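Numbering of residues begins at 1 and proceeds along the displayed sequence. Below, all heavy atoms of this structure are taken into account, side chains as well, without hydrogens, waters or symmetry copies. Source: prediction; values computed, not measured.
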Amino acid sequence: MNIHNTQVTTLVLTLLLFTACASSTAPLDPTGQPDTNGIADDTGVPVDSTTPEPPANPKEVRAGVAERDVTPEFEPYEDLNGNQRWDEGEPFDDLNDNGVIDTLYLGGFTVRQPTGVADPLSTRALALELGDELFVWASIDIFGLSLERSDTIKARVLEGVDPDLGLTAERIIIASTHTHHAPDTLGNFGPDGTVGAWDGDYLDLVVERTTESILAALDSLAPAELLVASGEAGEGFVRDIDPPEIIDPYVGIIQLRALDGGHTIATAVSIANHPEAIWKDNTLISADYPGFLRLALEEHYGGKALFFAGALGLMQTPAEIGEAGFERAELLGNAYADVIIEALDGVAPIPLSEMTVAFAHGRFPVPLENIELLAGVQLDVIEGYGESLYRTQEQPCSLMGCIDLPIKVLRIGEHLTLITFPGEVTPELIIGGIVSPPGYQGEYADAEPEPIVVDSLETRERFIINLANAQVGYLFPKRTYDPPRHFSQRHGPGPNAAGAVMAAVTTLMGEVNAVFD
């Protein structure tokens, strides 16, 4: 979580640290009892992990898609002094005539409040039925969504869905695009560290509309064919501004076409590049380059386009094409669309005979070692984790506690492996290249490298979904941890979080791969 704007006093930090370390078995929730749900045993396999059964090939594929608007309501103001926030005396549109400005904070960069809307924000859902397996992938134009809010959406969906469909919470993926020009939905970017920047009414709207989009997508399920492809978009698209300089140019692509008429139902893409092309001086609500990308794909194919964040952590950001701002966002979105259209040209649907499905999931314990994050959660500055932290003496948990984070792996035959991450994973944890940069003096410069995804990948294509079902910030190799040199490395649970997550990913990939041995 990008906690760089959270400023908590030394006294508060000291008290919280004392509270955290006073008893390694005391819970962080108010129940009075330690919560051991999901705690790993000595082999590192979590309690609630599921081993997939050898499945049969589906006799039919069905897909449905839907979209709802999540553009926030707020009162625009005139930023006379250009400091990106409303100050006393600056004119504003008092839409409800209460004499008080009703505004929000934007997520990303620094403290900003919106002055208007450049383009709408949306929540989009894709429902995919592969024989007896039903999945839902939702993509929301927001900065991030907490574990508890994501779980709330899943519960609401299961309350409203036809039980005969057989949908389960584990097969629902709720992801954020991570646009830096949407409301702060986590709490990081308020005016100080004592009050969270998140707005409860807006989060309620996100939950409501995302639930609606998922239920509508399920209602529209129709026979379809599935295509997968990939493109390359490295230099000229993305740059790494936090060493080591490693980028993942891979663009994952999934498309569903209707059997009746062949029209496109949905095109989903995974891209490892922060949606921040408009950059830090902007105060207009926008989906950033994913919005332009989706428009281009929908104009070309029809149907709905969905954007998912790939390995964009530390710190994959748009290349300097055009002028920073909406010009860059449009150029980048259209350029990615060209790559995707070219990659899909001539790609054939996957035959049903080659569509064996294996799915594994779990909630895995990840240690919390970031005192600022702990303080933010306990002060309710950071939204949606206060009921989920707990302490235990079991490994890998730290004295500050643990949180069980959801990870999912879906494999479709020899064609595709889809993996979800509950934060912003760095490219070297996907494709390799874990090193300590020259001259780096981090505390763990000789730490053992974490396992990487491609070493366990056995399919032709991959599809990475970051910020999925939770957003706990950056997940990066332990050997690069050096907060004094790179403040951004404090934007996550701590130096051992990536090891816990990557061990879990490797376990789940092994489970799904075993189905095909």
Measure the acute angle between the ring planes of His181 and Phe109, then classify it against the limits of 30° and 60° as parallel, tilted or perpendicular. tilted
Using 30° and 60° as the class boundaries, would you call the ring planes of His491 and Tyr474 parallel, tilted or perpendicular? parallel
Measuring from atom CG of Leu293 to atom CG of Asp288, what distance do you get when rounded to the nearest 0.5 angstrom? 11.0 Å
In Å and rounded to the nearest 0.5 Å, what is the CD to CG distance from Gln489 to Leu314? 5.5 Å
Measure from NZ or CZ of Arg462 to the centre of the six-membered ring of Tyr250 and say whether it is under 6.0 Å with the direction within 45° of the ring axis. yes
Taking [atom1] in [X] as the centre, count heavy atoms belonging to other residues, nucleotides or ligands within less than 6.0 Å. Is the count above 12?
X: Glu73; atom1: CD; answer: no
X: Asp260; atom1: CG; answer: no
X: Glu327; atom1: CD; answer: yes

Indicate, with yes or no, if the rings of Tyr289 and Phe307 have centres closer together than 6.0 Å. yes
Would the distance check show the side chain of [X] and the main-chain N or O of [Y] forming a donor-acceptor pair, the cut-off being under 3.5 Å?
X: Asn466; Y: Phe421; value: no
X: Thr420; Y: Lys408; value: yes
X: Asn334; Y: Glu330; value: yes

Assess whether a salt bridge exists between [X] and [Y], defined as any Lys/Arg side-chain N lying under 4.0 Å from an Asp/Glu carboxylate O.
X: Asp204; Y: Arg209; answer: no
X: Glu298; Y: Lys304; answer: no
X: Glu383; Y: Arg149; answer: yes
X: Glu276; Y: Arg239; answer: no
X: Arg156; Y: Asp151; answer: no

Assess, by modelled atom type and distance only, whether the side chains of Glu225 and Gln255 contain a donor and an acceptor separated by less than 3.5 Å. no
